[in-house]
Each structure stands twice: as structure tokens, then as C-alpha cells.
Amino acid sequence: MSARLVLLGPPGAGKGTQASRLAERLGVPAISTGDIFRANITGGTELGRKVQEYTAVGALVPDEVTNAMVRDRLAQPDAAEGFLLDGYPRNVAQVAELDAILAELGRDLDVAVEITADAEVVVERMLGRAEIEGRVDDTEPVIRHRLEVYALQTAPIADVYAERGLLVRVDGLGAVDEVTERLLSALEPHVA
Ligand code: AMP
């Protein structure tokens, strides 16, 4: 199946979980910029050292670092037939960069899916997740900052995709399976 998707939604909306499930069902790789950064931090790579100061406080990693990483990743053979981007683009400049990367590769985005969720619900979810996963950026002040960054920098990109007729909004509240099915039905008309 060919499907080129971006998944948007506030931190804690269940994006990561849904990204893996959707990618499996659609037969495309899930590419999570946050996961790639965390793996590099854990592995002590140069990229990891470069991004740690930003991820730790919930600030966006500078665009030149993130964009270069995504450009490399999308050029990998497993992304040739499709991909699901989770956590990228994260601001309007990254939307433009993704447009440029795809234009160079001669491909188009099929759909942008926004998983919606209430801010207080996502804070509670993330505080619960902190106890299980131990993510260093899941403390309450950092969570609140990440939500602010989302509202200011990331939420506006939904409008950009809406203007292009590419945006689908799906309610992220409910059981994980239920949300996956809701997402798949909403995506169906957009992926071949
Ligand atoms: P996430 O797992 O998507 O919540 O991302 C965790 C952290 O990685 C974010 O708080 C940012 O510091 C960084 N990050 C992930 N994706 C991006 C991106 N597209 N642009 C800039 N920073 C990012």
C-alpha cells in the first residue's frame, strides 16, 4: 500500500501508540522524530549530545538538525512506498521543508491526521506514563511547556494542511483499539 501520512496531535494524545498501530496496518514504516532523538541520546551519539539540552526541557530541537535527520530517513529504501511521520513537522518552517524533501523525491503527502485531546486529559496521561516509562521530559513543568510549544508552534500547521484539503481530525479519547479503528476509517478515503 502507498500511504504518505503525517500524524499531528498534542503530546500525550496517544500519537506514538497509534502511529505504530496504523503503520503496521498500512504496511509503512512509522518514523518518530522523538524516538530517533531518544535512541541517539541513550546511545550517546553526536546527534544525541546535540539534542539533549532541548528535549530535556521540552523545547524544539533546532530545525536544521531535525530537518537533516528527516531528509536522510525519508531517503531510506523502506520509506519509498510510504511512511507515517510522527512528531514531524512540528512548526510551519518544517512543513515547508517537508514539502521540499517530498518534491525532490517526486512524491506527495496523502493526508495529515490530527488526533485531538483535551489538555487536562493529556497532562494526566503523561504523568501516568512517566511512572511507567520514566521519560525525563514527563515531569509536570516540562509537560506544560511541551503543551505550550504545541499550541504556539505546532497547532497552526493543522490549518496549513486544512487549507490544502489534506487535514483529517480524529477524536483521541477512548480505548486504544477504538481510536485505531476511528483513525483507519477516517484515513480510508485518503490512502490507496
Ligand atoms: P515527542 O516524542 O514527539 O514528544 O518528542 C520529544 C522531544 O523531541 C520534543 O519535546 C522535542 O524536544 C524533540 N522533537 C521531536 N520531534 C521534533 C521536531 N519535529 N522538531 C523539533 N524537535 C522535535
List the steps, then state whether side chain to side chain contact (heavy atoms under 4.5 Å, CB included) holds for Val136 with Thr55. CA-CA 9 Å; Val136 291; Thr55 61; 6.0 Å; no
Step-by-step side chain to side chain contact (heavy atoms under 4.5 Å, CB included) determination, Val160 to Arg164: CA-CA 7 Å; Val160 175; Arg164 298 184 190 175; 4.0 Å; yes
For residues Val51 and Val70: do they belong to one hydrophobic cluster (side chain heavy atoms under 4.5 Å, members Ile, Leu, Val, Met, Phe, Trp, Tyr)? yes
CD of Glu97 to CG of Asn67, rounded to nearest 0.5 Å, is 4.0 Å
Nearest heavy-atom pair of Gly82 and Pro29: which atoms, and what distance? O-CD, 3.3 Å
Supply the atom-to-atom distance Thr139 OG1 to Met126 CE, rounded to the nearest 0.5 angstrom. 10.0 Å
Would Leu187 and Val179 show up in the same hydrophobic cluster when neighbours are defined by side-chain heavy atoms closer than 4.5 Å? yes
Once rounded to the nearest 0.5 Å, what's the spacing between atom CG of Asp86 and atom NZ of Lys15? 5.0 Å
With rounding to the nearest 0.5 angstrom, report the CG to CG distance, Asn91 to Leu60. 6.0 Å
If you apply the rule side chain to side chain contact (heavy atoms under 4.5 Å, CB included), what do you find for Leu74 with Ile31, and how did you get there? CA-CA 9 Å; Leu74 288 180; Ile31 300 175; 3.8 Å; yes
CA sep, side-chain torsions, deciding dist, call: Arg182, Glu188, salt bridge (charged side-chain N to carboxylate O under 4.0 Å, His left out): CA-CA 10 Å; Arg182 214 179 279 154; Glu188 211 185 320; over 6 Å; no
Side chains of residues 165-176: which donor-acceptor partners sit under 3.5 Å, not counting sequence neighbours?
{"residue": "Arg169", "atom": "NE", "partner": "Glu114", "partner atom": "OE1", "Å": "2.5"}
{"residue": "Arg169", "atom": "NH2", "partner": "Glu114", "partner atom": "OE1", "Å": "3.3"}
{"residue": "Asp171", "atom": "OD1", "partner": "Leu173", "partner atom": "N", "Å": "2.9"}

Considering only heavy atoms from C-beta outward, does the side chain of Leu184 approach that of Leu26 to under 4.5 Å? yes
According to a 4.5 Å side-chain heavy-atom criterion applied to Ile, Leu, Val, Met, Phe, Trp and Tyr, with indirect links allowed, do Leu5 and Phe83 form part of one hydrophobic cluster? no
A side-chain contact here means heavy atoms from C-beta on lying under 4.5 Å apart; do Pro10 and Leu147 qualify? yes
Applying side-chain hydrogen bond (donor to acceptor under 3.5 Å, both in side chains) as the test, list every pair that has at least one member in residues 145-162; sequence neighbours left out. Asp138-Arg146
Say whether Val95 and Val61 are linked into one hydrophobic cluster, either directly or through other cluster members, by side-chain heavy-atom distances under 4.5 angstrom. yes
Return the minimal non-hydrogen interatomic distance between Gln94 and Arg90, and the atom names on each side. OE1-N, 2.8 Å
At what distance, to the nearest 0.5 angstrom, does CD of Gln52 lie from CG of Asn40? 11.0 Å
Is Arg21 salt-bridged to Glu181, cutoff N-O under 4.0 Å? no
May I ask you to test the Val28-Glu81 pair for a side-chain heavy-atom distance under 4.5 Å? no
For residues Leu127 and Val122: do they belong to one hydrophobic cluster (side chain heavy atoms under 4.5 Å, members Ile, Leu, Val, Met, Phe, Trp, Tyr)? yes
Heavy atoms of Ala117 and Ala13 approach each other most closely as CB-CB, 4.0 Å
Heavy atoms of other groups near Glu24 CD, more than 12 under 6.0 Å: no
Verdict with reasoning, Met69 to Asp72, per side chain to side chain contact (heavy atoms under 4.5 Å, CB included): CA-CA 5 Å; Met69 182 184 86; Asp72 283 352; 6.0 Å; no
Can you give the donor-acceptor pairs under 3.5 Å from side chains of residues 102-111 to other protein atoms, not counting sequence neighbours?
{"residue": "Glu104", "atom": "OE1", "partner": "Arg71", "partner atom": "NH1", "Å": "2.6"}
{"residue": "Glu104", "atom": "OE2", "partner": "Arg71", "partner atom": "NH1", "Å": "3.3"}
{"residue": "Asp110", "atom": "OD2", "partner": "Arg4", "partner atom": "N", "Å": "2.7"}

Around atom CD of Glu131, are there more than 12 heavy atoms of other residues, nucleotides or ligands at under 6.0 Å? no
Find out whether Leu85 and Leu98 are in side-chain contact, i.e. whether some heavy atom of one side chain is under 4.5 Å from a heavy atom of the other. yes
Point-to-point distance, once rounded to the nearest 0.5 Å, from OH of Tyr54 to CG of Asp137: 15.5 Å
